[in-house]
Amino acid sequence: MTVASIPNWFSRGVADLFPADAAETALQNKPLRVKLGIDPTGSTIHLGHSILFRKLRAFQDAGHTAILIIGDFTARIGDPSGKSATRVQLSIEEVEENSNTYLQQLGQGQDPNLSLLDFDTPGRLEVRRNSEWLTDLNLPKVIELLALSTVGQMLAKEEFANRYENGTAISLHEFLYPLLQGYDSVAIKADLELGGTDQKFNVAMGRDLQRHFGLKPQLGLLLPILPGLDGVQKMSKSLGNTVGLTEDPLSMYSKLEKVPDAVVEEYLTLLTNLDLAALPNNPRERQKAMALEITRLRHGPEAAAAAQADAANLVAGAAGNGAAAAEVPEVSLGAVNFPAKAFYLLSAVGICSSSSDARRQIIGGGVKLDGEKLSDPNQEFQSSTELEGKVLQLGKKIFRRFV
RNA sequence: GGGUCGGUGCCCGAGUGGUUAAUGGGGGCGGACUGUAAAUCCGCUGGCUCUGCCUACGUUGGUUCAAAUCCAACCCGGCCCA
């Protein structure tokens with residue numbers, strides 16, 4: 001096998017490919033059916049998810065067919081993969097709503113240049129729901145699936161192994177998940193399945209099931225789990241270290257340009273197509289280039305450049321400066337009852353999570369109004385006119401203009 | 001089903017009748033420093049338009065002037081046995 005024959009769009013950022021020697025041949029074949037499953041349990045897609053979609057898009061652009069599987073069946077049962085707390089079962093309506101939100105965020109019906117997937121070119125995308133084939137699986141079939149795996153195999157799976165080791169509960173139906181996901185590959189005759197490295201077991205299960213049902217086993221292409229803004233834990237909404245795909249340019253840029261050095265290269269590799277060798281060596285410059293490019297990919301060049309300029313101005317302490325303040329997100333004073341004490345104001349307007357939190361922030365010296373530090377949480381504002389147009393700053397990176 | 005141990009704030013984990021909104025660590029947030037970073041140091045870390053008042057230690061009920069701490073039932077989990 002000559003490595004040179006594997007294109008960069010395919011190999012960039014890949015953590016694992018199996019079976020490794022099958023890729024070259026596979027790529028020469030007719031359009032591959034490339035599977036990616038999503039779980040419509042939440043409603044916001046962040047950059048961590050997006051690396052998989054970016055790879056899927058690369059396949060589309062190379063002429064292959066993306067099969068986006070919405071795990072509506074799985075979601076309705078409640079995916080137990082989290083820790084202890086049993087997931088709330090989602091209603092059909094909720095699943096449907098989440099699915100639509102997902103598709104919108106992926107760019108359905110939007111500017112094709114900024115959208116994550118290619119929705120328009122015929123033959124490049126199939127959106128399927130796994131309820132289509134899972135709803136009618138009968139018990140004999142389910143037993144047939146269960147018979148294909150053993151408790152030993154399941155317990156070898158890292159997630160289960162850890163939980164078993166730690167004495168955390170594992171419910172039997174959780175064993176069904178890898179099998180059902182694998183069965184999706186059978187149902188849609190996948191040639192390749194994309195996933196995070198945490199999906200290795202499930203993707204491999206897909207291969208086993210396909211073989212069992214007389215199909216050619218799919219390839220597995222795994223991408224790393226993207227670290228979150230803290231640079232340590234995976235990017236995840238519950239950890240609060242995400243950048244959402246639909247975030248405004250300024251907050252997207254601001255968050256990205258302060259990401260820990262340790263993950264900048266990974267972000268560059270996985271979230272952009274930039275030529276890493278062509279970038280400046282200075283770590284700060286690379287960080288900025290990364291933030292700018294990711295923002296550009298979602299919002300276009302003008303908005304990205306403006307975000308970069310605004311971010312620089314704001315942090316330079318120019319919060320009251322008219323030019324910089326133009327891009328500051330606005331917040332309405334409509335819900336505030338005057339006269340309003342400072343701590344109440346901050347929570348009423350949603351900048352702080354609670355009035356107690358607001359009180360702490362003010363006492364902690366982290367709140368400024370038009371560049372001037374607020375020191376008394378009980379300071380009273382008599383009317384909204386006193387505040388309109390002023391810029392409130394919380395910490396180093398959160399700015400809001402009152403309207 | 002039986003035995004046994006256990007369920008504390010975002011997480012881990014102290015506390016076994018009374019200054020306990022509850023020790024400590026992690027995480028998070030804010031401040032200093034800096035490259036808007038890392039490391040380090042300091043402060044904060046239930047809610048409430050808050051000089052005070054509410055909720056909180058699996059759930060419910062009980063004992064007591066007073067309970068996370070004692071009692072009962074129930075729910076949930078680990079381990080061992082079946």
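Sequence lines set the chain letters: A, B, ... in the order given, protein chains first and strands last, and positions in each chain run from 1.
- On the P atoms, B:rA66 is 16 Å away from B:rU55, given to the nearest whole Å.
- Taking only distance into account, the side chain of A:R360 never meets the base of B:rC29 through a donor-acceptor pair shorter than 3.5 Å.
- Residues from residues 376-385 of chain A placing a heavy atom under 4.0 Å of any atom in RNA chain B do not occur.
- No hydrogens or angles were tested; on distance alone, a donor-acceptor pair under 3.5 Å links the side chain of A:Q287 to the base of B:rG35.
- Residue A:K396 places its side chain closer to B:rC33 than to any other of B:rG35, B:rC33, B:rG46.
- We find that CD1 of A:I363 is positioned 12 Å from C1' of B:rG30, with the value rounded to whole Å.
- In this structure, A:R57 contributes its side chain and A:S115 its backbone to a donor-acceptor pair below 3.5 Å.
- When side chains are defined from C-beta on, A:V336 does not count as touching A:F381, because their heavy atoms never get closer than 4.5 Å.
- Look at A:S355 and you'll find a side-chain N or O under 4.0 angstrom from OP1 or OP2 of B:rU49.
- Within the shown strands, nothing qualifies as a pairing partner of B:rU51 under the Watson-Crick or G-U definition with both distances less than 3.5 Å.
- With hydrogens and angles ignored, the 3.5 Å screen pairs no side-chain donor or acceptor of A:R128 with any backbone N or O of A:I67.
- Regarding A:L392, its CG atom lies at a distance of 13 Å from the P atom of B:rG30, rounded to whole Å.
- Rounding to whole angstrom units, NZ of residue A:K288 and P of B:rA37 are separated by 13 Å.
- Both distances falling under 3.5 Å, in either a Watson-Crick or a G-U wobble arrangement, place B:rG43 opposite B:rC29.
- The nucleotide whose nearest atom lies closest to any side-chain atom of A:P260 is, among B:rC79, B:rA37, B:rC50, B:rA37.
- Pairing for B:rA73 is with B:rU59, a Watson-Crick or G-U wobble pair whose two hydrogen-bonding atom distances lie under 3.5 Å.
- Only the P atoms considered, B:rG46 is 34 Å distant from B:rG35, to the nearest whole Å.
- A side-chain donor from one of A:R54 and A:N273 sits under 3.5 Å from a side-chain acceptor of the other.
- Distance noted for atom C1' between B:rG15 and B:rU23: 8 Å (whole Å).
- The CG atom of A:L346 sits 14 Å away from the P atom of B:rG47 (whole-angstrom rounding).
- A heavy-atom distance below 4.5 Å is not found between the side chains of A:Y177 and A:M205.
- The closest donor-acceptor contact from the side chain of A:Y183 to the backbone of A:W133 lies at 3.5 Å or more, if one exists at all.
- For A:S354 against B:rC48, a side-chain-to-base donor-acceptor contact under 3.5 Å is absent.
- Residue side chain A:D261 reaches the base of B:rG35 through a donor-acceptor N/O pair under 3.5 Å, judged by distance alone.
- The residue among A:G366 and A:Q308 whose nearest nucleotide of RNA chain B is located toward the 5' end is A:G366.
- As rounded to the nearest Å, B:rA67 and B:rG17 have C1' atoms that lie 6 Å from one another.
- Look at NZ on A:K258: it is 12 Å from C1' on B:rG28, rounded to the nearest Å.
- Judged purely by distance below 3.5 Å, without hydrogens or angles, the side chains of A:Q199 and A:E193 never pair a donor atom with an acceptor atom.
- Straight-line distance between the C1' atoms of B:rC12 and B:rC57: roughly 15 Å, to the nearest whole Å.
- Look at A:E293 and A:R296 and you find a salt bridge, because one of the NZ, NE, NH1 or NH2 atoms lies within 4.0 Å of a carboxylate O, short of that distance.
- Distance alone, capped at 3.5 Å, places no donor-acceptor pair between the A:K55 side chain and the A:L222 backbone.
- Using C1' as the reference atom, B:rC75 and B:rG27 are 30 Å apart when rounded to the nearest Å.
- One atom, CG of A:D230, and another, C1' of B:rA37, lie 13 Å apart when rounded to the nearest Å.
- For A:R359 and A:V259, each mapped to the nucleotide of RNA chain B holding its nearest heavy atom, the one lying further toward the 5' end belongs to A:V259.
- Taking atom CG of A:N281 as the reference point, atom P of B:rG35 lies 19 Å away to the nearest angstrom.
- In this structure, A:K341 places its NZ atom 15 Å from P of B:rC48, rounding to the nearest Å.
- Relative to the side chain of A:S356, the nucleotides B:rU49, B:rC48, B:rG30 differ in distance, and B:rC48 lies closest.
- Annotation: B:rA68 and B:rG61 have their P atoms spaced 15 Å apart (nearest Å).
- B:rG62 and B:rC50 have their P atoms separated by 33 Å, with the value rounded to a whole Å.
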